[in-house]
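Before any comments, here is the structure.
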Amino acid sequence: MGTTLQIQAPADFDLPRDVCSYGYFLLAPNHWDVDKQHMLRVLELEAGPSLCTIDQPSGGKVRARFDRALDRAEQTQARSQITRMLCLDTTHAEIKSFHKADPRWKKSGVGRLFRSPTLFEDVIKTVTSCNVTWPSTVNMNRRLCEVCGRKSPSGVPSFPTANKLARTRVGTLRGRCRVGYRDQRIIDLAKLFHKGHIDHDWIENIGTDDEVFKFLISLPGIGPYAAGNIMQLMGRYSRLALDTESIRHGKAVLNMTGTDNQMMKALKAHYEPFGDHKFRSYWFEIWRFYESKAGPATTWRRQATATMFTAANLSK
DNA sequence: GGTAGACCTGGACGC
DNA sequence: GCGTCCAGGTCTACC
């Protein structure tokens, strides 16, 4: 008999909307069940991995059902991981302050961005999203779980821990996980996390945005785009994560013109009025564009998006 | 400080 | 089916 947890959620939290708010909800080991409108994924806990089904049956508390019994310490750990994934610690008041800065999103209520249960997983997912198209990111994450993850009692693999990736061979990551030149960088990052060289409290809560950005770009495989993205995944929305997709958005949706450098400057100026919320304003514009092309995100299936979100398709 | 080229995978395309 | 081209962000060497 597995454990079931009931987790308090903010009054404005809406599971399907707030899970299907950022692309990582489509990356393994996350699995969004379109028919049942619930999330399945394996969480790495103290006594080993456990498959967890997360839903919000009556629109109130979040329910998490596990495929094995969890002791008290594991329950605390699971609550903390789920809270991070779903941004349950982002209060209604914080969302309202975002809507005050950018009222376009007040009606839909969006404001929380889905993320991983750990900062480490968010960092590795970001590295796998650099210099590749979305289908490759989907495949890399699937293979990382299949090759390096541990299986829950139900036989579903987890996302590999920092400890595991720190001990994985370069050849395994390149040959079997197909991460390409990112192999050594992933191992180096895993070692930094595993050896405790990343101060989670400082990076997530104490350091200023400028200090944290400077630190992130000093890490292997992390440049300005990746650092900006990791910052938003920590709830720091004051910086943009600009890439070629931003250029496409600027041209197609904001009617901007010019060279790439001019476009980057214009994009920064465009989102400046949103201050500390600028990443969210930028992101929900992009997300709205994707949904106009592919339907509501709550209906997206991982493999379908692997062909949907190619530059060729989006520019059509 | 700015720029060019290498890094690697997988999709698209032409033959 | 095979070969070629291209997209994608980071890193390093060079000016």
Side-chain angles (χ1 to χ4, degrees), chain A residues 22-24 26-28 116 120-148 160 165 168-193 198 210 212-234 239-252 258-268 279 282-283 286-287 289-290 293-294 300-316:
Chain A
Y22 191 67
Y24 289 5
L26 293 160
L27 297 179
S116 304
F120 174 68
E121 184 177 328
D122 273 339
V123 169
I124 300 301
K125 278 187 159 51
T126 299
V127 169
T128 65
S129 74
C130 289
N131 202 26
V132 281
T133 49
W134 181 250
S136 296
T137 304
V138 169
N139 287 332
M140 276 186 241
N141 278 275
R142 180 176 52 78
R143 288 181 177 128
L144 279 171
C145 295
E146 286 171 1
V147 175
C148 304
L165 284 179
T168 301
R169 289 181 187 172
V170 170
T172 303
L173 287 182
R174 185 170 294 215
R176 297 180 63 198
C177 302
R178 314 290 291 168
V179 301
Y181 65 89
R182 300 165 195 79
D183 51 6
Q184 189 62 57
R185 295 173 192 177
I186 288 174
I187 291 170
D188 291 344
L189 283 166
K191 283 179 179 166
L192 288 171
F193 274 85
I198 307 291
D210 284 347
V212 171
F213 184 81
K214 212 170 174 182
F215 172 73
L216 288 172
I217 57 173
S218 75
L219 297 176
I222 309 294
Y225 162 78
N229 194 54
I230 292 165
M231 287 186 71
Q232 69 86 4
L233 291 162
M234 294 192 293
R239 281 175 185 270
L240 297 169
L242 297 178
D243 58 3
T244 51
E245 187 57 11
S246 320
I247 303 278
R248 184 206 55 72
H249 180 69
K251 284 179 185 161
T259 64
D260 285 3
N261 273 343
Q262 289 168 331
M263 294 278 293
M264 287 294 186
K265 282 180 189 161
L267 284 161
K268 281 179 187 166
F279 182 87
Y282 159 73
W283 183 255
I286 292 226
W287 206 242
F289 174 77
Y290 292 162
K293 294 277 179 187
W300 297 353
R301 297 173 203 271
R302 185 191 297 157
Q303 273 319 114
T305 65
T307 51
M308 228 153 60
F309 294 137
T310 57
N313 278 344
L314 288 171
S315 62
K316 277 176 193 165

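First the proteins, then the strands, lettered A, B, ... as listed; each starts at 1. These numbers were taken from a predicted model, which means no experiment stands behind them.
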Using a cutoff of under 3.5 Å, can you pull out all pairs of nitrogen or oxygen atoms linking the protein to nucleotides 8-10 of chain B, with atom names and distances?
from	atom 1	to	atom 2	distance (Å)
dC8(B)	OP1	R174(A)	NH1	2.4
dC8(B)	OP1	R174(A)	NH2	2.8
dG10(B)	OP1	R143(A)	NH1	2.9
dG10(B)	OP2	R178(A)	NE	3.4
dG10(B)	OP2	R178(A)	NH2	3.1

Nucleotide N/O to protein N/O under 3.5 Å, stretch nucleotides 11-15 of chain C:
from	atom 1	to	atom 2	distance (Å)
dC11(C)	OP1	G221(A)	N	2.4
dC11(C)	OP1	I222(A)	N	3.3
dC11(C)	OP2	I222(A)	O	3.3

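In this view, D188(A) and Q184(A) satisfy the side chain to side chain donor-acceptor pair (under 3.5 Å) rule, not counting sequence neighbours. Legend: residues meeting side chain to side chain donor-acceptor pair (under 3.5 Å) with R174(A), ordered by chain and number and at least two apart, are D183(A). Shown here are the side chain to side chain donor-acceptor pair (under 3.5 Å) partners of T259(A), two or more places apart in sequence or in another chain: Q262(A). Qualifying ring pair (Phe, Tyr, Trp, His ring centres under 6.0 Å) partners for Y22(A), counting only residues two or more places apart in sequence or in other chains: Y24(A), W283(A). For F120(A), the ring pair (Phe, Tyr, Trp, His ring centres under 6.0 Å) test picks out F193(A), with sequence neighbours left out. For R239(A), the side chain to side chain donor-acceptor pair (under 3.5 Å) criterion is met by D210(A), not counting sequence neighbours. Scored by the ring pair (Phe, Tyr, Trp, His ring centres under 6.0 Å) test, Y181(A) finds no partners at all (sequence neighbours excluded).
The distance from atom CZ of R248(A) to atom C1' of dC6(C) is 18 Å, rounded to the nearest whole Å. Atom CG in L242(A) sits about 11 Å away from atom P in dT10(C), given to the nearest Å. In this structure, the CG atom of D260(A) is 10 Å from the P atom of dG9(C), given to the nearest Å. Taking atom CG of residue L189(A) and atom C1' of nucleotide dG9(C), one finds them 14 Å apart after rounding to whole Å. In this structure, CE of M264(A) is placed 11 Å from P of dG8(C), rounded to the nearest angstrom.
Between the side chains of N139(A) and S136(A), no donor N or O sits under 3.5 Å from an acceptor N or O.
Summary for the helix from dG1(B)-dC15(C) to dC15(B)-dG1(C): the axes at its two ends, each from 5 pairs, differ by 30° when rounded to the nearest 10 degrees.
Within the 3.5 Å criterion, the main-chain N or O of T137(A) finds no donor-acceptor partner in the side chain of T128(A).
Distances shown here put a side-chain N or O of T244(A) below 4.0 Å from the OP1 or OP2 atom of dG9(C).
Among residue pairs with one or both ends in residues 133-142 of chain A, those qualifying as salt bridge (charged side-chain N to carboxylate O under 4.0 Å, His left out) are R142(A)-E146(A); sequence neighbours excluded. Sorted by first then second residue, the salt bridge (charged side-chain N to carboxylate O under 4.0 Å, His left out) pairs that include residues 131-141 of chain A, not counting sequence neighbours, number zero.
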